[in-house]
Amino acid sequence: KVEPLPSHYIAAMAISRALSGIFMWHARFDITCEPLVEGYNHAIWVILGAHVLHLLLLGDFGYYYVKAIMKQGLGSQLELIQDCYV
């Protein structure tokens, strides 16, 4: 179980990452680097890729977070599945 405050914090960080990704998308023409391949700006694609990867990793948490909020409200504990064996 995850307490409400840490789960709200993680959700806020996910929204922050999404907004940061939108900003970086709009600023992609302003970011320059010394090209490894002539004519290809690899820096912006690495930055955007990192944002997408982070959002994909947060997608699982987001599903359970929204499900808990819709079912029990903002003060509910987030119950995560414990099926992983390490």
Side-chain angles (χ1 to χ4, degrees):
K1 293 184 179 186
V2 179
E3 294 296 321
L5 192 57
S7 63
H8 295 326
Y9 172 75
I10 294 171
M13 292 304 294
I15 292 170
S16 169
R17 180 61 64 178
L19 292 174
S20 175
I22 292 170
F23 173 78
M24 295 307 280
W25 177 257
H26 289 290
R28 70 186 182 275
F29 299 115
D30 298 327
I31 296 174
T32 60
C33 65
E34 189 172 319
L36 295 174
V37 177
E38 192 63 37
Y40 182 70
N41 185 1
H42 66 280
I44 189 61
W45 297 110
V46 171
I47 293 169
L48 290 174
H51 279 80
V52 168
L53 178 64
H54 194 201
L55 287 174
L56 286 174
L57 293 173
L58 285 170
D60 182 52
F61 171 81
Y63 170 76
Y64 289 109
Y65 178 77
V66 170
K67 185 176 168 184
I69 295 299
M70 297 300 278
K71 191 183 235 182
Q72 302 168 352
L74 288 173
S76 66
Q77 287 187 341
L78 182 63
E79 299 208 22
L80 300 176
I81 296 175
Q82 298 290 327
D83 290 344
C84 296
Y85 297 104
V86 179

Could you state the interatomic distance from CG (L58) to CG (L53), rounded to the nearest 0.5 Å?
-> 9.5 Å
For H54, enumerate each residue passing the side-chain hydrogen bond (donor to acceptor under 3.5 Å, both in side chains) test, keeping only those at least two apart in sequence or located in another chain.
-> R17
List, one per line, each side-chain donor-acceptor pair under 3.5 Å for residues 24-31, sequence neighbours excluded.
residue, atom, partner, partner atom, Å
R28, NH1, W25, O, 2.6

What is the minimum heavy-atom distance between H51 and S20, and which atoms define it?
-> NE2-OG, 2.9 Å
Do you know the tightest heavy-atom contact between L55 and A14?
-> CD2-O, 3.8 Å
Non-neighbouring partners of H8 that pass side chain to side chain contact (heavy atoms under 4.5 Å, CB included), sequence neighbours left out | P4, Y65, I69, L74
Please go through V52's hydrophobic cluster and name the other residues, only I, L, V, M, F, W, Y counting, with side-chain heavy atoms under 4.5 Å joining them.
-> L56
What about I10 and I15, same hydrophobic cluster or not, with Ile/Leu/Val/Met/Phe/Trp/Tyr joined at side-chain heavy-atom distances under 4.5 Å?
-> no
